[in-house]
Amino acid sequence: MKNRTSYCAAIFSLLLWGTTFALAKMVTPDPLNPFTFIALRSFFGLIVLFSFLILAKQVGEWFRVFKRHIKSFLLIGTLFFAVAYLLQFWALSMTTASNQSIISNTQAFWVVIFNILFFKQKPSKRFIMGLMLAMSGVLLIIMNTDINISGNTIIGDLLSLLSFIFWGGYTAFIKPITTEEKPIYVTTSIIFVGALIIIPASLFSGASAEMAQLSLSQWGIVSFLGIFCVGVTYLLWNYALSNKEIRSENIAILTALNPVIGIITSVLWLGEVFSLRMFIGFVLIMIALFVSEYNPKKEIKKGNEI
């Protein structure tokens, strides 16, 4: 597998993820609460994945893979998918979008921690340097007067931090499985487990009444967010992680591109001004990604570090 293809898959998944927040605001918190919103997204994502397996006549093979890794899928699907999703959107109701945007970029750091604790994989000094540069660039881009860690947002900020610790765990724990099994089987298994938890629970939180209030355009938004921003996005992300030559933190650090994507869409769609501060942050992130991903041939031979 070519590394370039893996990186392109990860970046395209981030482009799709980048549409989530703006579109989600059109259906949450009114009429959908976070529980119902995530349940519907998981449902639509799962439908498209199972449709592919049925058309490709691979349901039997998927089920064998599911049984083979059932303990891992139960852990990842429950804690690192369902719980992480619920925490993220619950936290967003108690903090600002800017605060959560900054916190979301700690993902790569948590992947490193999980890799050290559970897989005995230490990152290279070059990667750590790149990660620090990336965080600096992200802070420069997002920094504005709306960012405020205070008593009013502290609970939401802490819950956001916990959710992105879990998202870091998703990337770290899914990596070993994706290198063994087809990404489509892994993605379907994770979303299947998450949906088994989220969908029944949402029915007890008034999901039926909330769905009845959705307009046709809102159903279109929810469908898009489920099919493309859950089903397709996770499939692309897991495909990127299936590359044995790329460490999981090196994929995770690409999440630093989220604010860059936000800048580009804001300038092109909303006519916002591209400031000098944003430009410097953009440059720092690009340098950070080059520093963390660049791999001289003499270091490739070391084996233990990237």
Side-chain angles (χ1 to χ4, degrees), residues 12-52 54 77 81-101 103-104 146 153 156 159-160 163-164 167 170 187-188 190-237 255 258-259 261-272:
F12 191 67
S13 72
L14 292 173
L15 288 172
L16 288 173
W17 262 324
T19 67
T20 300
F21 179 74
L23 293 176
K25 295 291 285 184
M26 299 180 186
V27 292
T28 59
D30 184 26
L32 303 181
N33 67 42
F35 230 137
T36 306
F37 174 64
I38 296 165
L40 283 174
R41 288 184 66 188
S42 300
F43 173 76
F44 281 112
L46 196 59
I47 288 297
V48 73
L49 290 170
F50 267 121
S51 297
F52 174 85
I54 292 170
F81 179 84
V83 173
Y85 247 137
L86 290 171
L87 279 175
Q88 181 183 346
F89 283 95
W90 183 32
L92 190 57
S93 67
M94 293 182 281
T95 187
T96 65
S98 299
N99 283 22
Q100 194 172 82
S101 295
I103 294 169
S104 71
D146 294 330
T153 65
L159 288 174
S160 295
S163 74
F164 286 103
W167 283 127
Y170 175 92
T187 307
T188 304
I190 296 301
I191 299 177
F192 176 69
V193 171
L196 284 180
I197 297 167
I198 297 170
I199 292 176
S202 70
L203 297 176
F204 292 98
S205 65
S208 299
E210 292 174 9
M211 287 189 289
Q213 299 178 49
L214 287 172
S215 66
L216 185 61
S217 61
Q218 287 176 320
W219 272 112
I221 290 170
V222 173
S223 301
F224 174 85
L225 288 173
I227 294 169
F228 292 99
C229 300
V230 173
V232 175
T233 295
Y234 276 87
L235 181 58
L236 289 171
W237 190 256
T255 56
N258 279 330
I261 295 168
I263 287 176
I264 294 172
T265 54
S266 295
V267 171
L268 294 179
W269 295 353
L270 304 177
E272 293 188 5

Worksheet item: Between A195 and L46, what is the shortest heavy-atom contact and its length?
Response: CB-CD2, 4.0 Å
Worksheet, complete the sentence: Applying ring pair (Phe, Tyr, Trp, His ring centres under 6.0 Å) to Y234 and not counting sequence neighbours gives W17, F81, Y170
Practice prompt. For the residue pair V222 and L32, establish whether any side-chain heavy-atom pair is separated by less than 4.5 Å.
Written response: yes
Discussion item. Give me the atom names and distance for the closest heavy-atom approach of Y85 to C229.
Written reply: OH-O, 4.1 Å
Response to the item:
Contacts of S13 meeting side chain to side chain donor-acceptor pair (under 3.5 Å) (sequence neighbours excluded), chain-then-number -> none
Discussion item. Between F164 and T255, is there a side-chain heavy-atom distance shorter than 4.5 Å?
Written reply: no
Item to complete: Name all residues meeting the side chain to side chain donor-acceptor pair (under 3.5 Å) criterion together with S217; count only those two or more places apart in sequence or in a different chain, and write none if there are none.
Response: S215
Worksheet item: Heavy-atom count around F50 CZ within 6.0 Å, excluding the residue itself: above 12?
Response: yes
Worksheet item: E210: what forms a side chain to side chain donor-acceptor pair (under 3.5 Å) with it, not counting sequence neighbours?
Response: N33, T36
Discussion item. Within the 4.5 Å heavy-atom criterion, are W237 and L14 side-chain neighbours or not?
Written reply: yes
Worksheet item: Of the non-hydrogen atoms in G231 and L49, which two are nearest, and what is the gap between them?
Response: O-CD2, 4.1 Å
Discussion item. Can you list everything that forms a ring pair (Phe, Tyr, Trp, His ring centres under 6.0 Å) with F228? Sequence neighbours excluded, please.
Written reply: F224
Discussion item. Test of understanding: with side-chain contact (heavy atoms from CB on, under 4.5 Å), list the residues that count as partners of P31, not counting sequence neighbours.
Written reply: Q213, L214, Q218
Discussion item. Run the side-chain contact (heavy atoms from CB on, under 4.5 Å) test against A39 and tell me which residues pass, sequence neighbours left out.
Written reply: I198, I199, S202
Fill in: Partners passing side-chain contact (heavy atoms from CB on, under 4.5 Å) against L196 (at least two apart in sequence or in another chain)
F192
Discussion item. Going by the rule side-chain contact (heavy atoms from CB on, under 4.5 Å), which residues pair with I47 if we only count those two or more places apart in sequence or in a different chain?
Written reply: F43, S51
